[in-house]
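These notes concern the structure reproduced below.
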2 protein chains.
Amino acid sequence: MKHKQVNLSKNQQIVLETIRKAKKPLKAYSILSSVKKKGINAPPQVYRALEKLVELGVIHKIESKNAFVDCKNSECETSKATAFSICKKCQKITEIMNSKLSTYLTNFQDNTGMKYEKYNLEFYGLCKRCKL
Amino acid sequence: MKHKQVNLSKNQQIVLETIRKAKKPLKAYSILSSVKKKGINAPPQVYRALEKLVELGVIHKIESKNAFVDCKNSECETSKATAFSICKKCQKITEIMNSKLSTYLTNFQDNTGMKYEKYNLEFYGLCKRCKL
DNA sequence: ATAACGCTTGTTATAATATAACATTATAAT
DNA sequence: ATTATAATGTTATATTATAACAAGCGTTAT
């Protein structure tokens, strides 16, 4: 469960550090305002870094929230297979690391003959705390 | 595999018909421009209809595309369990109707004690045609 | 019947998210 | 060193989505 190491550019490092320090998924413009003091001034700089970090699999995008989290799962290579749980109440988002699930989905085949290379799964519900 | 019947308001009907006629997922502003001739003039009117239709489960949102498709699956009650395949090349999007998959995911439990009420799964790959 | 309610509508304005396009600079590969 | 690739900085703009408010319609409870 270690962070991956890759060669990152300056802006990519800054954005990644910001995401890693956060306790929750960050939105692009929230990242932007955090990194203004480090010399990143404009949206494209953030979006470009995010795009690359997603490609590398060191962060993931929570599609239904337009937010980004760092990948805590050393097994999900280059973000091909991602699964999250999202609490509808407190918005807590957790990456699901379950090898049975990922095996099941990676091998899933429907009847259309399509070959899947990648998936993203988002569960919604109430987390342990909010369920009480 | 029949369309669901529900009591819909005028704008909801108009938006739903537009989505049903389309051969592919539509974006909100594309819907807006289609329905201007029917007297719908502004984004909130479209977004409100979309929100309601999603709640009712007669359409689904493809989160990674910000696009909407009508539900062709009489089994996915009020959009609690949705799965799609998305072709990376031609962008063709298909709703996956596979009872094993939906049973598996509906019953999925991780180790955090979270109770899931809903999920959305999006597969990416190459469709039969584009694979050639 | 009418008041109260819930829901939908219409409208203007604006917030939030994301990319295009272009000029420049840094890094890596041969 | 030369070339190719990737990253940067910048301005402007496109795209997606919501806030806030006024008004109308249909139900139903009194």
Side-chain angles (χ1 to χ4, degrees), chain A residues 5-19 22 24-69 78-79 86 88 91 93 120 122, chain B residues 5-19 22 24-69 78-79 86 88 91 93 120 122:
Chain A
Q5 282 308 347
V6 226
N7 278 343
L8 297 177
S9 75
K10 181 172 65 93
N11 288 359
Q12 289 159 13
Q13 281 171 31
I14 294 172
V15 168
L16 179 56
E17 280 318 302
T18 306
I19 291 171
K24 58 190 183 70
L26 296 182
K27 304 204 156 209
Y29 275 72
S30 142
I31 294 168
L32 176 56
S33 68
S34 300
V35 299
K36 280 217 162 130
K37 50 181 178 289
K38 302 214 169 145
I40 295 181
N41 305 304
Q45 297 175 285
V46 171
Y47 280 101
R48 286 192 289 228
L50 289 172
E51 184 184 24
K52 201 48 178 290
L53 294 169
V54 167
E55 266 176 45
L56 293 171
V58 294
I59 66 171
H60 301 307
K61 181 173 187 180
I62 313 295
E63 295 289 354
S64 63
K65 302 285 174 188
N66 301 314
F68 299 85
V69 282
T78 65
S79 69
I86 303 171
K88 296 204 279 193
Q91 297 297 315
I93 298 184
N120 179 57
E122 299 180 9
Chain B
Q5 282 308 346
V6 226
N7 278 344
L8 297 178
S9 75
K10 180 171 66 94
N11 288 359
Q12 289 160 11
Q13 281 171 30
I14 294 172
V15 168
L16 179 56
E17 281 316 303
T18 305
I19 292 172
K24 57 190 184 71
L26 295 182
K27 304 204 155 208
Y29 276 72
S30 142
I31 294 169
L32 176 58
S33 69
S34 298
V35 299
K36 280 217 160 127
K37 49 182 179 286
K38 301 212 169 144
I40 294 180
N41 305 303
Q45 297 175 286
V46 170
Y47 280 100
R48 285 192 291 228
L50 289 172
E51 184 184 23
K52 201 49 176 291
L53 294 168
V54 166
E55 266 177 45
L56 293 171
V58 296
I59 66 171
H60 301 308
K61 181 173 186 180
I62 313 296
E63 295 289 353
S64 64
K65 300 286 173 187
N66 303 313
F68 300 85
V69 281
T78 65
S79 68
I86 303 173
K88 297 203 280 193
Q91 299 297 316
I93 297 183
N120 180 56
E122 299 179 9

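Here is the naming used below: chain letters follow the sequence lines, and residue numbers restart at 1 for every chain.
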Is [Y] close to [X] at the side-chain level, that is, under 4.5 Å between some pair of heavy atoms?
{"X": "A:Asn120", "Y": "A:Glu122", "value": "yes"}
{"X": "B:Leu26", "Y": "B:Phe68", "value": "no"}
{"X": "A:Val54", "Y": "A:His60", "value": "no"}

(request) Hey, which sits more toward the 5' end of DNA chain D by its nearest nucleotide, A:Pro44 or A:Ala49? (result)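 Nearest-nucleotide comparison on DNA chain D picks A:Ala49.
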
(request) Check whether the aromatic ring of B:Tyr29 stacks on the base of D:dT15, taking stacking as ring centres less than 5.5 Å apart and planes within 30° of each other. (result)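 A stacking contact does not exist, since B:Tyr29 is not both close and nearly parallel to the base ring of D:dT15.
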
Specify the separation, in whole Å, of atom [atom1] of [X] and atom [atom2] of [N].
{"X": "B:Ile14", "N": "C:dG10", "atom1": "CD1", "atom2": "C1'", "value": "13 Å"}
{"X": "B:Leu32", "N": "D:dT16", "atom1": "CG", "atom2": "C1'", "value": "12 Å"}
{"X": "A:Lys52", "N": "D:dA7", "atom1": "NZ", "atom2": "C1'", "value": "8 Å"}
{"X": "A:Glu55", "N": "D:dT5", "atom1": "CD", "atom2": "C1'", "value": "13 Å"}
{"X": "B:Leu50", "N": "C:dT9", "atom1": "CG", "atom2": "P", "value": "12 Å"}
{"X": "B:Glu51", "N": "D:dA17", "atom1": "CD", "atom2": "C1'", "value": "11 Å"}
{"X": "B:Arg48", "N": "D:dA19", "atom1": "CZ", "atom2": "P", "value": "11 Å"}
{"X": "A:Ile40", "N": "D:dT11", "atom1": "CD1", "atom2": "P", "value": "16 Å"}

(message) Here's a test of your reading of the structure: between B:Asn11 and B:Asn66, which maps to the more 5' nucleotide of DNA chain C?
(response)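 Between the two, 5'-proximity favours B:Asn11.
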
Can you see if the side chain of [X] gets near the phosphate of [N] - specifically, an N or O under 4.0 Å from OP1 or OP2?
{"X": "B:Ser9", "N": "C:dT9", "value": "yes"}
{"X": "B:Gln45", "N": "C:dT11", "value": "no"}
{"X": "B:Lys10", "N": "C:dG10", "value": "yes"}

(request) Counting Watson-Crick and G-U wobble pairs only, both distances under 3.5 Å, name the nucleotide matched with C:dT30, or none. (result) D:dA1

(request) Just call it for B:Lys61: base, sugar-phosphate, or nothing, with non-hydrogen atoms closer than 4.0 Å on any strand. (result)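 Sugar-phosphate, no base atom in range.
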
(message) Measuring from atom CG of A:Asn7 to atom CD of A:Gln13, what distance do you get when rounded to the nearest 0.5 angstrom?
(response)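 Between atom CG of A:Asn7 and atom CD of A:Gln13 there are 8.5 Å.
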
(request) Any chance you could measure A:Lys38, atom NZ, to A:Gln45, atom CD, to the nearest 0.5 Å? (result)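 Between A:Lys38 NZ and A:Gln45 CD, I get 14.5 Å after rounding to 0.5 Å.
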
